[in-house]
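From a predicted model like this one, the values you see are computed outputs, not experimental measurements. Residue numbers start from 1 in every chain, and the chains themselves are labelled A, B, ... in the order their sequence lines are given, proteins ahead of strands.
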There are 2 protein chains.
Amino acid sequence: MKKKISDSSIHRLSLYFRALSLFEMENYETVSSKELAKHEKLTPAQIRKDLSSFGSFGTRGLGYPVHELKNKIASILGIDRSWRVALVGIGNIGSALVSYKEFMKHGFQIIKLFDNDQRKIGSNHKGIIVSDIKNIQQELKESNIQIVIISVPATVAQNIVDDVVEAGVKAILNFAPINLRVPDDVILRNENMSMELEYLSFNLVNYSQEDDIEEV
Amino acid sequence: MKKKISDSSIHRLSLYFRALSLFEMENYETVSSKELAKHEKLTPAQIRKDLSSFGSFGTRGLGYPVHELKNKIASILGIDRSWRVALVGIGNIGSALVSYKEFMKHGFQIIKLFDNDQRKIGSNHKGIIVSDIKNIQQELKESNIQIVIISVPATVAQNIVDDVVEAGVKAILNFAPINLRVPDDVILRNENMSMELEYLSFNLVNYSQEDDIEEV
DNA sequence: CCATTCATGTGAATAGCTTCACAAGTAAAT
DNA sequence: ATTTACTTGTGAAGCTATTCACATGAATGG
Ligand SMILES: NC(=O)c1ccc[n+]([C@@H]2O[C@H](COP(=O)([O-])OP(=O)(O)OC[C@H]3O[C@@H](n4cnc5c(N)ncnc54)[C@H](O)[C@@H]3O)[C@@H](O)[C@H]2O)c1
Ligand SMILES: NC(=O)c1ccc[n+]([C@@H]2O[C@H](COP(=O)([O-])OP(=O)(O)OC[C@H]3O[C@@H](n4cnc5c(N)ncnc54)[C@H](O)[C@@H]3O)[C@@H](O)[C@H]2O)c1
């Protein structure tokens, strides 16, 4: 029976991968949990705990082998392979995402684009011809798409997601600010930028230095 | 002494605000924690707990007054006012963010843009003239900027953040995939889209239905 | 070869967050 | 006025995540 890995632990694995990539470029042979922790502002114990749920990768007294651990984490995260990704809604944010090279580097290949705007359908974005949203179910299946990115207005997102789910896609990354309903076997993540700005304003209002006098 | 509010609780406040806005548009007078919970896939108890750290806003037997609670949460989150925001790096993602109307609606006004590309400096984006990055410190101070969005390549992000911090800005939203160092009194949030895709691939690899047979 | 230093891996302890469960308050119907 | 149906607000319980602390093992230097 596999142990359930927490969401935060998964996210930290991404950080470790990123840090290890940098250490590798600087020709480090090994790196300790202490060094990794400093780099990503975490605690050494947490890094060791996180890694220990997947095996023993380090050497006592020495640390972790950079290259090897990086590959191991890539395999754990599933970024040692290629993922077939489609994106729906080639507007402001959609276009930015299609141009983002980092995705490709981590194995996420955007190979299909969908929109409902006649001016966009048939046009070429980074070598991909934009398909008509009408054909989405058929084309997702044909291209064997595994992950779909949603970057359409919130009002139409649920309808599109229903189609995407019906086409058998099991993983969705949503940029529309709306709580989408998907079946239990579909993994949904939301990217909500307003939320992060609101986090900042909350802290500015409630915890910034000037307010301290009120707390006495 | 103020009680420390958890990050997840702050994020949920944003969800409540969004849900209440919808309920308000549908002319609901009141809404129960149960209804809110269903809307955002949370538990009623959690919503009541979250709200209770800021006061008693509901009426037993009836629920919460939609309009009033929405305003109250807006005030708690600090989105009942206007924030002066600057954005650095008018590339793919930067341009998308400048065009994003949702930010404005929640009080985040992007009023300054910076870049180091001569072709972009002086050009007009949504009514804002792009400034030379060289003058960032002076112009941030002059315009009394409170929040800065970083959308430059990771390699130059730390340098820019150092300037931003020196100019007295206390809140930063970073899109570059790098761990930026800021003093303790500066609030930093990172928006990392690769991380979310990696979360999806992790779950596809580790928990999707097809793998279940391996777990027996 | 032995002492010293370093750093992992992991149970145990602690801290933090979520859910439970219920007393208490409100509204509406009769 | 009383009953019924509802829903809040909140201590307490339960659960999850993080940190502590140390036994264990590896490398280095004299
Ligand atoms: N622009 C941003 O920086 C930003 C940031 C965060 C979130 N978002 C969210 O991302 C989504 C898109 O934002 P945007 O700024 O890119 O908007 P946009 O209007 O520029 O793009 C939306 C695209 O979706 C297409 N579209 C509309 N209805 C469709 C349908 N039924 N089927 C297929 N395509 C359809 C449009 O033709 C357009 O190309 C929105 O939900 C927005 O809230 C945007
Ligand atoms: N494109 C995306 O969808 C996306 C998604 C997530 C994160 N990001 C991150 O956002 C950042 C920007 O990505 P992008 O795709 O928009 O890249 P981009 O190259 O299109 O844009 C970068 C912009 O920054 C400007 N710039 C470069 N150096 C600068 C400096 N020293 N001072 C001021 N401006 C400078 C460039 O002129 C350019 O306009 C990167 O860190 C990237 O990893 C991008």
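Atoms CG (A:L36) and C1' (C:dA7) sit 13 Å apart, rounded to a whole Å. Across the protein-nucleic acid pair, B:I10 atom CD1 and C:dC17 atom P stand 10 Å apart, rounded to whole Å. Rounded to whole angstrom, the span from the CD1 atom of B:I47 across to the P atom of D:dG9 amounts to 12 Å. Protein atom CG of A:L51 is 10 Å distant from nucleotide atom C1' of C:dT8, rounded to whole Å. Going from atom CZ of A:R60 over to atom P of C:dA7 covers 14 Å, rounded to whole Å. Atom CG of A:L62 is separated from atom C1' of D:dT24 by 15 Å (rounded to the nearest Å). The separation between B:L13 atom CG and C:dC17 atom P is 14 Å, rounded to whole Å. Counting to the nearest Å, the C1' atom of D:dC22 and the NZ atom of A:K49 are 13 Å from each other.
For the pair A:K4 and B:Y207, the cation sits on the ring face: its NZ or CZ lies under 6.0 Å from the ring centre, inside 45° of the axis.
For the pair A:Y64 and C:dG9, the criterion of a side-chain N or O lying under 4.0 Å from OP1 or OP2 is met. Distances shorter than 4.0 Å separate some side-chain N or O of B:R48 from OP1 or OP2 on D:dT8. The side chain of A:S33 places no N or O atom within less than 4.0 Å of a non-bridging phosphate oxygen (OP1 or OP2) of C:dA7.
Remark: A:K112 pairs with A:E139 by the salt bridge (Lys or Arg N to Asp or Glu O under 4.0 Å) rule, at least two apart or across chains.
Judged by distance alone, with hydrogens and angles left aside, the side-chain atoms of A:R181 form no donor-acceptor pair with the main-chain N or O of A:Q158 at under 3.5 Å. A donor-acceptor pair is defined here as one N or O able to donate and one able to accept, closer than 3.5 Å; such a pair exists between the side chain of B:N192 and the backbone of B:S194.
Residue A:T43 is the one, among A:G61 and A:T43, whose nearest nucleotide of DNA chain D lies closer to the 5' end (criterion: closest heavy atom).
The listed nucleotides are C:dT19, C:dT10, D:dA26; the one nearest the side chain of A:T59 is D:dA26.
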